[in-house]
Asks: 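The structure under discussion is supplied below as structure tokens; questions concerning it will follow.
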Amino acid sequence: MEFKVLIIDFGSQYTQLIARRVRELNIYCEIFSFNNLPKNILEYSAVILSGSPFSVHSKNAPKIDITKIKGKVPILGICYGAQFLADYYGGQVGKSSTREYGRAKLNIHDTKNLLYGFKNNTQVWMSHADTINKLPSNSEKLASTEDVKNAAFKFKSEHTFAIQFHPEVYHTTYGIKLLENFLVKISKIRQTWTPDSFVKMTVQKIKDKIKKDKVILGLSGGVDSSVAAILIKNAIGDNLICIFVNNGLLRKGEFESVLNQYENMGLNIIGVDRSKQFLDNLKGVTDPEEKRKVIGNTFIDVFDEEAKKIKNAKWLAQGTIYPDVIESKSIKGPSATIKSHHNVGGLPDFMKLKIIEPLRMLFKDEVRRVGKTLKIDDSVLGRHPFPGPGLGIRILGDITSEKVSLLQEVDSIFINSLKEEGLYNSIWQAGAILLPVQSVGVMGDERTYERCIVLRAVSSTDGMTADWINLPYEFLQKVSNKIINNVVGVNRVVYDISSKPPSTIEWE
Ligand code: XMP
């Protein structure tokens, strides 16, 4: 990689957002926790120090040996990062008279460097309890606000900068400009990070790493595993062997259609239908977490069995993406958690394979952009997220094949209607849930006592929070009629109007 930026995470809720903004500038960056820094730190073109929930004076305050990099690589300290620099080099950091959250107007003292092109009184976003009362020696002030004396400063004769406000949030009017000034003007980084360059670089890397080995990949039909598959295929061709398991809990017709679609994409794919095995194992299981365990363990058994049939496979590919890899939202401090496989009875054979995760540095929308570069069909890239345990966690209570078929029919009517009405693409995720209750109805002259279906459609950016979608009444009316008229056994349809939190997207 020609240019890369290191973001040192001190545990701020905004760390991932900093990375997003840097990537938006077409500059590649990586986040590392302060307690797990890369060895080749001087190979980075610039370093950004994140904020933190800690005060520099707390006993457990995150600290690093900044002397190794200061003056050698351009540094930008943000919020706690700024306070850390001030404190380390002899400045004075203390409690603000009031905790400062929200908008402030920046009074600019120096428009040459970091704040090049800024207009006086521009809006910035503050979020801090401590403040820098005295600047460290050998530094100069760049900006202040009404409440914050030292809102931005720099160390003399070197590219080390510090700002109290957050350039990564949209409320900071010139936030992106500030990052661009730091990375492009000051650190001289070229903006060459694009999906196209990522594809070229990754394909080459995979070729070099895998050589003539065989790689196995479990496809789910989702965006991440599909993009990972095509990337790897572009590097090693048919030495990538994909396995797609039908757990009997997929959407209506999806096993066949997805398999077909993958074959058309030229993937070397094995489709395994184990619906019966999954449903047998799930018999009588009603607890949501227990269902997940049964489905997860059955998947491991099936995948292990299939993987063993592929001779000489040395690698297991996964569609892991960045939010799965790093979790920096913890209030206790940063933590880089790698997704682990929970399996109790010893490692299955396929887990002894070496792991390759070509998307582990990408955010979801970047995965989609890479997918577009790889010319993957929009119908794959635009697919709503679908949980691994599938309809299993949308059938409340015990699961039977009759209930699966019924829910598949309802779900298919709902999803197809969303597509027909042009609503599908503006929704993050939608689906139907089968309740374990029956209610009274009347059809013709008959009294009925049948099932109740819930429709759910939400907006979200990452699934962590979500809001229900205000679907048009006419649409809900049409879809409800269609479901009740076409799916025998359903006499009531309701729409879920709960947000997450306090609800969740899935009902189980
Ligand atoms: P919740 O229900 O927690 O869901 O709001 C957030 C997102 O995660 C998906 N989800 C799962 N995905 N295995 C998965 O692979 C699971 O057990 C699981 N549970 C929830 C859910 O569909 C939503 O996108």
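This structure is a prediction, so every number in the text was calculated from the model and none was measured. Order of listing sets the numbers, starting from 1, for every ligand and every atom in it.
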Asks: Report the relative orientation of the aromatic rings in H384 and Y424; use parallel for angles under 30°, tilted for 30 to 60°, perpendicular for over 60°.
Replies: parallel

Asks: Are any of the N or O atoms of I393 closer than 3.5 Å to those of ligand 1?
Replies: no

Asks: Tell me which protein heavy atom sits closest to atom 23 (C) of ligand 1, plus the residue, atom name and distance to 0.1 Å.
Replies: Q429 OE1, 3.3 Å

Asks: Report yes if E506 has an N/O atom closer than 3.5 Å to an N/O atom of ligand 1; otherwise report no.
Replies: yes

Asks: If you have a sec, work out which protein heavy atom is nearest atom 19 (N) of ligand 1 and how many Å separate them, to one decimal?
Replies: R292 NH2, 2.9 Å

Asks: Considering heavy atoms of the protein only, find what lies nearest to atom 9 (C) of ligand 1 and give residue, atom and distance to 0.1 Å.
Replies: P387 CB, 4.4 Å

Asks: Is R369 positioned over the aromatic face of F198, cation under 6.0 angstrom from the ring centre and no more than 45 degrees off axis?
Replies: no

Asks: Can a donor-acceptor pair be found, under 3.5 Å and without considering hydrogens, that links the side chain of R20 to the backbone of E168?
Replies: no

Asks: Just need the protein heavy atom nearest to atom 7 (C) of ligand 1, so name the residue and atom and give the distance.
Replies: I505 CD1, 4.4 Å

Asks: Purely on distance, is any nitrogen or oxygen of P389 under 3.5 Å from one on ligand 1?
Replies: no

Asks: Nearest 0.5 Å please: distance from the OG atom of S52 over to the CD1 atom of I8.
Replies: 13.0 Å

Asks: Regarding ligand 1, does K500 bring an N or O atom to under 3.5 Å of one of the ligand's N or O atoms?
Replies: yes

